[in-house]
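Heads up, the thing below is written out as structure tokens.
Reminder, nothing fancy here: chain letters follow the sequence lines and each chain counts from 1. Please read these numbers as outputs of a predicted model, since none were measured by experiment.
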Amino acid sequence: MPELPEVEVVRRGVDRWAQGRTVESVSVTDIRSLRRHDVSASSEAARIESFVSALVGRRLAAPQRRGKFLWIPLETPLVAASPDADAGAGAGETIRPAPTHALLIHLGMSGQVLINTPSEPSQKHLKITLDLQLPGTETNQMRFIDQRIFGGMQISELVNSAHPSGSVPAAAAHIAADPLEPAMNAEEFFRSLRRKKTSLKRALLDQTMISGIGNIYADEALWFAQLHYLRPTGTMTRAEAARLLIAVEQVMLAALEAGGTSFDALYVNVNGASGYFDRSLQSYGRTGQPCRRCAETPRAALIRRDPFMGRSSFWCPTCQPRPRRLRA
DNA sequence: GAAGTCCTGGTG
DNA sequence: CACCAGGACTTC
């Protein structure tokens, strides 16, 4: 399940292998991956057409990321400076207008971005949903694969924003800064927690409060910070909020390191997850296993699993005691 | 703010 | 064969 670290691995792969290439053609194999693209299109054909025409001939600029959203700003082709222009533009000078739109990608649960894969996927469940042809020497194809089609791509207008790149796609403009952005601020995080009347894990999963965190890293960060997932956000202290934010950052960076170690031209992606999961997870998926923090103490406990928000929460009863009051 | 929706491979 | 997993969005 791609969360921030996995998406960042993909971003780096796209940056290395596809950035600077011009899209030659696009083929859409499963329109469901374009569910969120041009929702006002009058027909499926019109939706595909508007997606394809927005991409063909465009040069892929440096890919950007916020939380779990990834986007590639689209540059218009080089335009020769007008020969009639003033003396400022010399012969052979070109103008590259700033991108106004981006290809916005969300991996959902099972999305992958692959570069230069064989025409047939290695496994049946790797469902190809669309391909971009990118003429180039090393690589010439960027492919989107999505088994469960929760993810997708869309063309979105870029709007000015505090993001390091200066803009974000309009379709992702409601997403908050993520823990690895310079804009992330502990004091603001603390205040937004205090304002919100909800449980701590719900807040961590709310992409408009802090972005990039999914079910897995939420539980991991709560374990590291020794906080219970049902803790009312209104009762959080400044110190606890700071501790939590540091835990989030640390778990993200550790996962990134583990997931970012290996990718080649074939796999931009890739489950940063698979390598990291088995070894480093402290709470997620460890139901009934000893908590690695309190294991050697007199109060050693086993990791518990509770149903939460239609999914699961994993926690240690000793290290993350349930709050007495569940409402602020 | 809870529930429903989108999906399908994998598991009980 | 029923059910689970999951993120983001819509709907009550």
Listing, residues 223-230 of chain A side-chain donor-acceptor contacts under 3.5 Å, not counting sequence neighbours, or none:
{"from": "A/His228", "atom 1": "ND1", "to": "A/Leu230", "atom 2": "N", "distance (Å)": "2.9"}
{"from": "A/Tyr229", "atom 1": "OH", "to": "A/Asp306", "atom 2": "OD2", "distance (Å)": "2.5"}

Find every protein N or O atom lying less than 3.5 Å from an N or O atom of nucleotides 9-12 of chain C, and list the pairs.
{"from": "C/dC9", "atom 1": "OP2", "to": "A/His174", "atom 2": "NE2", "distance (Å)": "3.0"}

Would you list the atom pairs, donor with acceptor, under 3.5 Å between side chains in residues 44-56 of chain A and any protein atom, with sequence neighbours excluded?
{"from": "A/Arg47", "atom 1": "NE", "to": "A/His37", "atom 2": "O", "distance (Å)": "3.4"}
{"from": "A/Arg47", "atom 1": "NH1", "to": "A/Arg35", "atom 2": "O", "distance (Å)": "3.2"}
{"from": "A/Ser50", "atom 1": "OG", "to": "A/His37", "atom 2": "NE2", "distance (Å)": "2.7"}
{"from": "A/Ser50", "atom 1": "OG", "to": "A/Asp38", "atom 2": "OD2", "distance (Å)": "2.9"}
{"from": "A/Ser50", "atom 1": "OG", "to": "A/Arg47", "atom 2": "O", "distance (Å)": "3.3"}
{"from": "A/Ser53", "atom 1": "OG", "to": "A/Glu49", "atom 2": "O", "distance (Å)": "2.9"}
{"from": "A/Ser53", "atom 1": "OG", "to": "A/Ser50", "atom 2": "O", "distance (Å)": "3.4"}

Original post:
With A/Arg195, which residues qualify under salt bridge (Lys or Arg N to Asp or Glu O under 4.0 Å), at least two apart?
Top reply: none
**OP:** Go through the structure and list residues passing salt bridge (Lys or Arg N to Asp or Glu O under 4.0 Å) with A/Glu240, not counting sequence neighbours.
**Re:** A/Arg231
Using atom [atom1] of [X] as one end and atom [atom2] of [N] as the other, report the distance to the nearest whole Å.
X	N	atom1	atom2	answer
A/Asn215	C/dA8	CG	C1'	14 Å
A/Met153	C/dA8	CE	P	16 Å
A/Phe314	C/dC4	CZ	P	14 Å
A/Leu107	C/dA8	CG	P	10 Å
A/Ile149	C/dA8	CD1	C1'	16 Å
A/Gln112	B/dC7	CD	P	19 Å
A/Arg311	C/dC3	CZ	C1'	16 Å
A/Met309	C/dG7	CE	P	9 Å

The side chain of [X] is closest to which nucleotide in this list: [options]?
X	options	answer
A/Arg202	B/dG1, C/dA8, B/dA2	B/dA2
A/Arg305	B/dG1, C/dA8, C/dA5	C/dA5
A/His106	B/dC7, C/dG7, B/dG1	C/dG7
A/Arg35	B/dC6, B/dT8, B/dG1	B/dC6
A/Arg32	B/dG1, B/dT8, C/dA5	B/dT8

**OP:** If a pair satisfies salt bridge (Lys or Arg N to Asp or Glu O under 4.0 Å) and one of its residues is in residues 312-324 of chain A, list it, with sequence neighbours excluded.
**Re:** none
**OP:** Could you point out which residue of A/Thr233, A/Asp206, A/Asp219 forms a side chain to side chain donor-acceptor pair (under 3.5 Å) with A/Lys201?
**Re:** A/Asp219
Original post:
When you check the phosphate oxygens OP1 and OP2 of C/dG7, does a side-chain N or O of A/Arg148 lie under 4.0 Å from one of them?
Top reply: no
Original post:
OP1, OP2 of B/dC7 versus side-chain N and O of A/Gln147: anything below 4.0 Å?
Top reply: no
**OP:** Please give the angle, rounded to 10 degrees, between the axes at the start and the end of the helix from B/dG1-C/dC12 to B/dG12-C/dC1, where five pairs define each axis.
**Re:** 60°
Subject >> Hydrophobic cluster membership, A/Met309 vs A/Ile216, 4.5 Å side-chain cutoff >> reply: yes
Subject >> Sugar-phosphate only, base, or nothing, as touched by A/Ser312 at under 4.0 Å among non-hydrogen atoms >> reply: sugar-phosphate
**OP:** Step through the shown structure and confirm whether more than 12 heavy atoms of other residues, nucleotides or ligands are within 6.0 Å of CD on A/Glu187.
**Re:** yes
Subject >> Set of residues satisfying ring pair (Phe, Tyr, Trp, His ring centres under 6.0 Å) with respect to A/Phe189, sequence neighbours excluded >> reply: none
**OP:** May I have all residue pairs that pass ring pair (Phe, Tyr, Trp, His ring centres under 6.0 Å) and include part of residues 163-185 of chain A, sequence neighbours excluded?
**Re:** A/Trp71-A/His163
